[in-house]
2 protein chains.
Amino acid sequence: MTSKTRRRPAGQVSGENIVIEAAWMYYNDGLNQNEIANRLQVSRATVVNYLQEARERGYIRISLSPEAFTSHNLAQKLRDRFGLQAAFLLPEGIGTAEETLLRVARGAADWLPHLLGSGDRLGVAWGRTVYEVAEAVERTQLSDVTVTQLVGSMATPYGFTAEICSANMAQNLGAKCINLHAPAVLSDPELATRLRAEPIIHAQLEALSHCNKAIFAAGSIAPDSHIVGSGVASSEDLEWYIRHGAAGVLCGRFIDAQGRFIPGDLDARMIGVELDKLLGLDMGLLVSVGADKVGPMLAAIAGGYVTHVVTSVETARGMLDKA
Amino acid sequence: MTSKTRRRPAGQVSGENIVIEAAWMYYNDGLNQNEIANRLQVSRATVVNYLQEARERGYIRISLSPEAFTSHNLAQKLRDRFGLQAAFLLPEGIGTAEETLLRVARGAADWLPHLLGSGDRLGVAWGRTVYEVAEAVERTQLSDVTVTQLVGSMATPYGFTAEICSANMAQNLGAKCINLHAPAVLSDPELATRLRAEPIIHAQLEALSHCNKAIFAAGSIAPDSHIVGSGVASSEDLEWYIRHGAAGVLCGRFIDAQGRFIPGDLDARMIGVELDKLLGLDMGLLVSVGADKVGPMLAAIAGGYVTHVVTSVETARGMLDKA
DNA sequence: ACAATATGCTGACATTTGTCAAAAACTGTG
DNA sequence: CACAGTTTTTGACAAATGTCAGCATATTGT
């Protein structure tokens, strides 16, 4: 450069502005970095820095359009076969089960904001999958959306509890959050009854019964299921429910293959949404993946809790095969 | 490659799927094209093709976040000075006035979907700027939004008429559209009265008076203004209004520098929204740019029609200077 | 069955983008 | 005003991405 180099004044408007300017030229006007460098009278390397800064500050948002995942063949089949409003299928790739779960969670996270609108009250269940979805939601600012914790908390060795799921979800969506300040399961039914009558808890339970949308995963009934690992149910409980026809778990409650609620010993001691409150919602978003979840997912769908599904292509195939 | 090359079956699910898979790996998993090529067992050049296809099909959406443009210094000044809810300022760059207009229009188009929600009824005015905004809106699918044409049609030599503005807008937003099937201005007041009483027209006028949001530009009162060019007003009309204090044009009506409606000969012959219907809306989105628009924009703001502004940095400076 | 046509893939090369250490410009201090 | 400490910019190099002609495999028509 012939003349003296001019630096952008730190912390000034124009300083921020030039970053936006560069980002706009690059992403909207389609100029390449050389052209931008010429116009802004800086070196190309500087343009690279500006663009990086723009990305770091979150000015640039790249997303895969939901249509790509809801429109293809298998998704339509799934929709038609199970009477869903929409299905969102993620490709597996070569990755491990863990990677696939994260991918599905990110897919759900991308999709979720499109499914919410002003005035919605979203019930959030609990589980590893739901936790990852909450984490993966891009920071947005939805207007007038409330997030509600659907089931009480539990001491989990996994590090994700029900209130963390709902709190993160609300945080990232820019929504209000109503937590449920009670354990998911108590040792004594009478204590549970009294706790439910407590004004604070009562108000929270009241709030969650007015959700119009919900997001949840299908819980498996394998012996290593989280429902046991998190201490909600004991191994004996689980066996008892399996003997009585359990096919899956939904918001801490056991359901059979037709999706019917299986009443049992636990219910009187639990604090959380009752399954019939999840029927007839504007949206029931089921997010789950894996061969072991096929049965539980089909059960949840059969029970009429589900309007939208996010899962992997592989799992979707499994569902169509088994049904 | 050692083995025979395998081609993806044309027109099949997996064919579409592999494109999505590649796009996902690239944009979400952050893999580079080489890594993707290895995993998919194709050449890197093929991955390039997949990604291009994904972009062409609109699977990938890149946008600049509105926060970047509404949060900076000058935007805040504008907001505070004029009591706006938000201002969205686009950098000029080096481009021509034409380029700047397109840039501002694209900015407004990016922002607009964020400002609309379920149940909204958006009134759409007319003009070059509004037309470009409508064109630039990315195809989306808003639920339960209605777009309404605010002013009647006119024979314009420019190729953008009021109904094209509203129709394109509705199309691209995925909204319902209510057009106004009448000319903007008639030769005879009596005919205008009768036309307004026609059931179809009456219903449409009724509909547009129930908008809760609106998008419009400020019209200049220069002799080469579109209001003359499109035949809505004659040069004599324009001069008359200027003598009576006109500072700008809003939805075909003349206003003075304080934003007060200037009644005149034209009004009885016009078919379109009346200015008082635009007061007190949830949103009045003013999109305009250029030195000649500063006066009209200030007039519109003074009149209380405006809650949100999209313009260029330069124009914003002009507004602050002049006010 | 065979040629003609269409489609998708690839390797080699061209262009664009990213990295990094060093230089330049600014800031605050004695 | 010299200085040490930061921040920003830059040039040279490395890596990633885009292009395109030609080839291989399907599909179509006869």
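Residue numbering restarts at 1 for every chain, and letters A, B, ... go by the order of the sequence lines. In what follows, every heavy atom counts, from backbone to side chain, and hydrogens, waters and symmetry copies are set aside. Predicted, not measured: the structure shown is a model, and the values here were computed from it.
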message = Quick one: does any side-chain atom of A:Thr311 pair with a main-chain N or O of A:Ser288 as donor and acceptor, under 3.5 Å?
response = yes
request  = Could I get the full list of salt bridge (Lys or Arg N to Asp or Glu O under 4.0 Å) partners for A:Glu132, not counting sequence neighbours?
outcome  = A:Arg128
inquiry  = Could you tell me how far apart B:Ile36 (CD1) and D:dG18 (P) are, to the nearest whole angstrom?
reply    = 11 Å
message = Heavy atoms from C-beta onward define the side chain here; which of D:dT17, C:dG18, C:dT10 lies closest to that of B:Ser43?
response = C:dT10
request  = Ignoring backbone atoms, test whether A:Arg55 places a side-chain nitrogen or oxygen under 4.0 Å from the OP1 or OP2 oxygen of C:dG18.
outcome  = yes
Spacing between B:Leu31 atom CG and D:dA15 atom C1', to the nearest angstrom = 16 Å
ask   = With respect to the phosphate group of D:dT17, does any side-chain polar atom (N or O) of B:Gln52 fall under 4.0 Å of OP1 or OP2?
value = no
key: For atom CG of A:Asn38 and atom P of C:dT16, their distance in whole Å   = 12 Å
key: Atom-to-atom span, OH of B:Tyr50 to P of C:dG8 - whole angstrom   = 9 Å
query = Between atom CG in B:Leu40 and atom P in C:dG8, what is the gap in whole Å?
reply = 16 Å
inquiry  = Check this for me: does any side-chain nitrogen of one of B:Glu98 and B:Arg103 sit under 4.0 Å from a carboxylate oxygen of the other?
reply    = no
ask   = What's the CD-P distance between B:Glu35 and D:dA16, to the nearest Å?
value = 8 Å
ask   = Think B:Gln41 has a side-chain N or O under 4.0 angstrom from the OP1 or OP2 of C:dC9?
value = no
ask   = Rounding to a whole Å, what distance do you find between A:Asn49:CG and C:dT17:P?
value = 14 Å
request  = Dump the intermediate steps for side-chain hydrogen bond (donor to acceptor under 3.5 Å, both in side chains) on A:Asn172 and A:Glu138, then the final yes or no.
outcome  = CA-CA 6 Å; A:Asn172 287 334; A:Glu138 289 266 334; over 6 Å; no
Write down the protein N/O and nucleotide N/O pairs, taken from nucleotides 12-15 of chain C, whose separation is under 3.5 Å; answer none if there are no such pairs.
none

remark   = Between OH of B:Tyr26 and C1' of C:dT17 the distance, given in whole Å, is 10 Å
message = Students often get this wrong, so: under 4.0 angstrom with heavy atoms, is B:Asn34 touching a base, only sugar-phosphate, or nothing?
response = nothing
request  = Indicate yes or no: at least one non-hydrogen side-chain atom of A:Ile60 is less than 4.5 angstrom from one of A:Tyr26.
outcome  = no
Going by atom type alone, with no hydrogens or angles, which donor-acceptor pairs under 3.5 Å involve a side-chain atom of residues 110-118 of chain B and a protein atom two or more places apart or on another chain?
none

ask   = Between atom CG of B:Leu102 and atom CG of B:Leu90, what is the distance when rounded to the nearest 0.5 Å?
value = 11.0 Å
